[in-house]
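A short worksheet on the structure shown next.
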Amino acid sequence: MNKRELLIQNCFHSWITKEADVFQDSFADEAVYIESWGPAYRNKEHIVSWFKDWTKENTVLEWNVISFIHSGNMCVCEWFFKCECGGVIDGFNGVSIVSFDGAEKITLLKEFQSKTPNVYPYG
């Protein structure tokens, strides 16, 4: 596992452990984080505030990375995410596009989701 993969794994795992310091250390000051359902956060201060607010009331149960693809300063990772929000457990497959700066900090993390279970309309 390379340095970027480890950083992403640690960042995702910090949602499970609710460790804000690990999460905060992963992002550049001017980073942007775009959630899979639309909300966007424009700097590390806002990203960390959102992390702390979200993890007070909700719990990530799983965030498992399945694969990585690397290209230049970007990494794409496929993952499975499962959480409990407001007493409801839900999970989905996803992909993140992650860009890094020269210090190997995340400058952009943009999520996309695919609902589960998948449906096969043609059998």
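- For Lys82, the NZ atom is loosely surrounded, since the number of other residues' heavy atoms within 6.0 Å does not exceed 12.
- Here Leu109 contributes atom CG and Cys11 contributes atom SG; the two are 6.5 Å apart, rounded to the nearest 0.5 Å.
- With rounding to the nearest 0.5 angstrom, the CD atom of Gln113 is 10.0 Å from the CD atom of Glu35.
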- For Val60 and Trp54, run side chain to side chain contact (heavy atoms under 4.5 Å, CB included): C-alpha distance rounded to whole Å, both residues' side-chain angles, the deciding distance at 0.1 Å, then the answer. CA-CA 10 Å; Val60 174; Trp54 194 93; 3.5 Å; yes
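- Linking Ile, Leu, Val, Met, Phe, Trp and Tyr residues whenever their side-chain heavy atoms come within less than 4.5 Å places Ile69 and Val95 in a single cluster.
- Considering all non-hydrogen atoms of both residues, Lys105 and Ala28 come closest at CB-N, 3.6 Å.
- The CG atom of Asn64 sits 8.0 Å away from the CD atom of Gln9 when rounded to the nearest 0.5 Å.
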- Would you please test Lys3 and Leu6 for side chain to side chain contact (heavy atoms under 4.5 Å, CB included) and show each step? CA-CA 5 Å; Lys3 185 175 181 175; Leu6 185 59; 5.8 Å; no
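- Thr59 places no side-chain N or O within 3.5 Å of a backbone atom of Glu84 that could act as its donor or acceptor partner.
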- Item | Test salt bridge (charged side-chain N to carboxylate O under 4.0 Å, His left out) applied to Asp25 and Lys44, step by step | CA-CA 9 Å; Asp25 292 344; Lys44 183 163 57 172; 5.8 Å; no
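- Using modelled atom types, one finds a donor on one side chain and an acceptor on the other under 3.5 Å when comparing Ser96 with Trp79.
- Remark: His13 engages no residue in a side-chain hydrogen bond (donor to acceptor under 3.5 Å, both in side chains) (not counting sequence neighbours).
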- Message: Would Phe27 and Val48 count as a side chain to side chain contact (heavy atoms under 4.5 Å, CB included) here? Give the steps.
- Response: CA-CA 9 Å; Phe27 290 88; Val48 172; over 6 Å; no
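- Around NZ of Lys110, the count of heavy atoms belonging to other residues, nucleotides or ligands within 6.0 Å does not exceed 12.
- For the atom pair SG of Cys75 and CZ of Arg4, the computed distance is 7.5 Å after rounding to the nearest 0.5 Å.
- Between the CG atom of Asp101 and the CG atom of Leu108 there is a distance of 12.0 Å, given to the nearest 0.5 Å.
- Remark: Glu5 CD to Asn10 CG distance equals 12.0 Å, nearest 0.5 Å.
- Nearest heavy atom pair, residue Ile16 against residue Leu61, reads CD1-O, 4.3 Å.
- Closest heavy-atom contact between Phe92 and Lys115: CB-CA, 4.3 Å.
- Across all their heavy atoms, Cys77 and Val65 have their closest contact at CB-CG1, 4.1 Å.
- In this structure, Ile106 is not a member of the same hydrophobic cluster as Ile97, with clusters built from ILVMFWY side-chain heavy atoms closer than 4.5 Å.
- In this structure, the side chains of Val98 and Val76 stay at 4.5 Å or more apart for every pair of heavy atoms.
- A single hydrophobic cluster is not seen to contain both Phe112 and Phe80; linkage of ILVMFWY side chains at heavy-atom distances under 4.5 Å, directly or through other members, places them apart.
- Counting non-hydrogen atoms of other residues, nucleotides and ligands closer than 6.0 Å to CD of Glu62 gives a total above 12.
- Minimum interatomic distance between Ile34 and Gly38 (heavy atoms only, all atoms of both residues): CG2-O, 4.3 Å.
- Side-chain rings of Trp50 and Tyr33 approach one another, their centers coming within less than 6.0 Å.
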- Query: Should Trp15 and Phe81 be marked as a ring pair (Phe, Tyr, Trp, His ring centres under 6.0 Å) after you check the CA-CA gap, both sets of side-chain angles, and the distance that decides it?
  - Reply: CA-CA 10 Å; Trp15 285 93; Phe81 176 87; 7.7 Å; no
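- When the side chains of ILVMFWY residues are joined at heavy-atom separations under 4.5 Å, either directly or via intervening members, Phe100 and Met74 end up in two distinct hydrophobic clusters.
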- Message: Between Val32 and Thr107, does the side chain to side chain contact (heavy atoms under 4.5 Å, CB included) criterion hold? Intermediate values first, please.
- Response: CA-CA 6 Å; Val32 174; Thr107 58; over 6 Å; no
